[in-house]
Amino acid sequence: MESTEDQASTSELLDEIARLRRERNAVILAHYYQIPAIQDLADVCGDSLALAQAARRTEAEVIVFAGVNFMADTAKILNPNKTVVVPDIEAGCSLADDCPGEEFASFRKKHADHVAVSYINCSIEVKAHSDLVCTSSNAQTIIESIPRSKKILFAPDINLGRYLMHKTGRDMLLWNAVCVVHDVYREEDLLRLKAEHPEAEVLAHPECRESILRHADLIGSTSKIIEHGAASKAPAAIIATESGVIHQMSKRAPSKLFIPMPGESPDAACSVCPYMRLNTVEKLRDCLRDLQPRIEVDSRLGERALAPIERMLALST
Ligand code: 13P
Ligand code: SF4
């Protein structure tokens with residue numbers, strides 16, 4: 001419970017953000033893995049695809065991206081003439097880190113007869129060397145848009161790649177990187193939670209291993225998990241994704257029980273993305289005030305990365 005003093009300073013901070021947002025003609029985009037206070041103050045809160053779509057249609061002069069860098073990079077690639085700022089420039093992603101641009105370029109060159117599909121959780125360099133980009137919410141559609149006669153390579157998430165192979169029946173050459181949040185869920189923890197809550201559904205993100213996905217009632221993007229979790233008649237749900245999504249589900253279905261999967265360490269009651277959680281309301285205020293840290297993208301690289309992003313957006317409703 002916040003003290004009266006804390007409440008006053010939080011409300012001053014929120015007032016300052018509201019004023020700066022107006023003065024800067026800024027839009028605040030936030031991912032569902034942000035802390036609840038950031039989700040609540042955002043103009044748009046969404047999954048990776050919804051945020052890319054919002055970045056594309058915004059008329060604001062400044063985009064404040066409360067998420068991780070690959071998402072802010074995408075917003076900048078779509079808006080080379082706008083100012084894109086982030087609360088914390090250290091907010092990376094293990095998938096992007098484990099797929100260096102040069103290594104991906106030579107992998108791609110070695111398999112030049114393959115269509116290269118990259119998951120949006122990757123660097124600008126990797127996108128620039130790809131034919132198509134996808135997110136967790138449109139990945140199946142993107143893969144199915146490729147003629148069956150074509151060979152496909154997919155990077156960087158091996159768990160999502162394997163899931164897509166299973167869903168589409170397509171054989172794909174996979175890069176080997178994982179998400180540090182989803183790849184560490186243990187099947188024994190899930191089985192224990194299922195035994196403790198037999199009435200609960202299991203909702204999982206496709207970045208999880210197969211040992212988790214095989215128990216899932218729903219596999220989908222963060223927005224799919226939120227929609228299903230809030231709408232389904234089941235009284236409880238075990239959430240196999242970053243626990244930030246629970247904020248949205250609890251708002252929409254306050255009487256339901258949402259049980260987060262435990263994090264990597266035995267005492268981590270719920271799983272959080274160490275990169276996403278670098279952002280704070282104070283840092284968000286600071287970046288809006290200082291217009292720093294700012295996302296800069298080399299214009300030639302940005303143009304090359306734009307083409308596969310545009311192809312993805314054209315295939316997504
Ligand atoms: P979504 O596109 O489903 O929001 O996922 C983003 C992400 O980083 C998952 O870890
Ligand atoms: Fe990257 Fe995983 Fe964090 Fe998503 S949850 S941003 S995939 S590290």
Side-chain angles (χ1 to χ4, degrees), residues 29-35 38-39 42 44-55 65-75 86-99 117-123 126-127 133-142 154-161 163-164 175-185 203-209 212-213 216 218-229 239-249 260-264 268 270-279 309 312-313 316:
L29 308 182
H31 188 261
Y32 291 129
Y33 293 166
Q34 293 298 286
I35 55 169
I38 294 186
Q39 293 190 37
V44 180
C45 191
D47 67 6
S48 309
L49 177 64
L51 294 174
Q53 289 167 327
F65 212 115
V68 290
N69 289 340
F70 74 81
M71 298 176 175
D73 290 347
T74 303
V86 293
D88 193 317
I89 199 74
E90 299 298 321
C93 169
S94 63
L95 286 168
D97 291 348
D98 291 341
C99 189
V117 182
S118 62
Y119 186 35
I120 197 162
N121 300 42
C122 66
S123 66
V126 170
K127 289 184 178 77
V133 167
C134 72
T135 76
S136 61
S137 56
N138 60 21
Q140 190 176 338
T141 308
I142 299 292
F154 185 82
D157 189 344
I158 195 163
N159 290 328
L160 176 61
Y163 169 71
L164 289 169
W175 189 269
N176 186 5
V178 295
C179 159
V180 289
V181 176
H182 295 85
D183 189 62
V184 299
Y185 294 149
L203 315 182
H205 197 278
E207 289 175 12
C208 297
R209 289 181 185 195
I212 298 295
L213 297 182
L218 173 112
I219 300 171
S221 64
T222 51
S223 54
K224 283 268 153 46
I225 288 175
I226 291 167
E227 270 163 39
H228 184 94
I239 307 302
T241 193
E242 216 269 8
S243 55
V245 297
I246 293 177
H247 177 58
Q248 296 291 333
M249 291 189 283
M261 278 293 284
E264 187 172 20
C270 65
S271 85
V272 292
C273 171
Y275 307 101
M276 289 275 184
R277 301 298 179 121
L278 288 173
N279 297 332
I309 296 172
M312 168 189 81
L313 291 173
S316 312

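Residue numbers run from 1 in the order of the sequence given. Indexing begins at 1, ligand by ligand and atom by atom, following the structure's order.
A donor-acceptor contact shorter than 3.5 Å links the side chain of Y185 to the backbone of T241. Judged by distance alone, the side chain of R209 and the main-chain N or O of H182 form no donor-acceptor pair under 3.5 Å. Of the possible donor and acceptor atoms, one in the side chain of N279 sits under 3.5 Å from a partner among the backbone N and O of G67. For Q39 (side chain) and Q34 (main-chain N/O), a donor-acceptor pair under 3.5 Å exists by modelled atom type. Of the possible polar contacts, one joining the E242 side chain to the C273 backbone as a donor-acceptor pair under 3.5 Å is found. Under the 3.5 Å distance criterion, the side-chain polar atoms of S243 are left unmatched by any main-chain donor or acceptor of C270. In terms of modelled atom types and a separation under 3.5 Å, the side chain of K224 and the main chain of I219 share no donor-acceptor contact. Distance alone, capped at 3.5 Å, places no donor-acceptor pair between the W175 side chain and the G161 backbone. N69 places a side-chain N or O within 3.5 Å of a backbone atom of I89 that can act as its donor or acceptor partner.
Among the atoms of C93, an N, O or S atom is found under 2.8 Å from atom 1 (Fe) of ligand 2. When distances to atom 2 (Fe) of ligand 2 are checked against a cut-off of 2.8 Å, C179 contributes an N, O or S atom below that limit.
Proximity of E207 to ligand 2, defined as any heavy-atom pair under 4.0 Å, is confined to the side chain (atoms from C-beta onward). Contacts between L95 and ligand 2 below 4.0 angstrom, taking non-hydrogen atoms only, involve the side chain exclusively.
Of all atoms in ligand 1, numbered sequentially from 1 with element shown, those under 4.0 Å from a heavy atom of S48 are 1 (P), 2 (O), 4 (O), 5 (O), 6 (C). Residue contact check: S136 has heavy atoms under 4.0 Å from atoms 1 (P), 2 (O), 3 (O) of ligand 1. Distances below 4.0 Å separate heavy atoms of H182 from the following atoms of ligand 1: 10 (O). Short contacts between ligand 2 and Y33, defined as distances under 4.0 Å to a heavy atom of the residue, involve ligand atoms 4 (Fe), 5 (S). Listed by number with element, the atoms of ligand 1 under 4.0 angstrom from any heavy atom of S221 are 3 (O). Every atom of ligand 1 is numbered from 1 in the order shown, and the set under 4.0 Å from a heavy atom of E207 is 7 (C), 9 (C), 10 (O). With ligand atoms numbered from 1 in the order given, ligand 2 contributes 8 (S) to contacts under 4.0 Å with heavy atoms of Y275. Every atom of ligand 2 is numbered from 1 in the order shown, and the set under 4.0 Å from a heavy atom of S94 is 8 (S).
Distance from atom 5 (O) of ligand 1 to its nearest protein heavy atom, with residue and atom name: H205 NE2, 3.3 Å. In this structure, atom 8 (O) of ligand 1 lies nearest to the protein heavy atom N121 ND2, 3.2 Å. The protein heavy atom nearest to atom 3 (Fe) of ligand 2 is C273 SG, 2.4 Å.
Residue M276 places every heavy atom at 4.0 Å or more from ligand 1. Contact annotation: Y33 has at least one heavy atom less than 4.0 Å from an atom of ligand 1.
For ligand 1, none of its N or O atoms has an N or O atom of T135 under 3.5 Å away.
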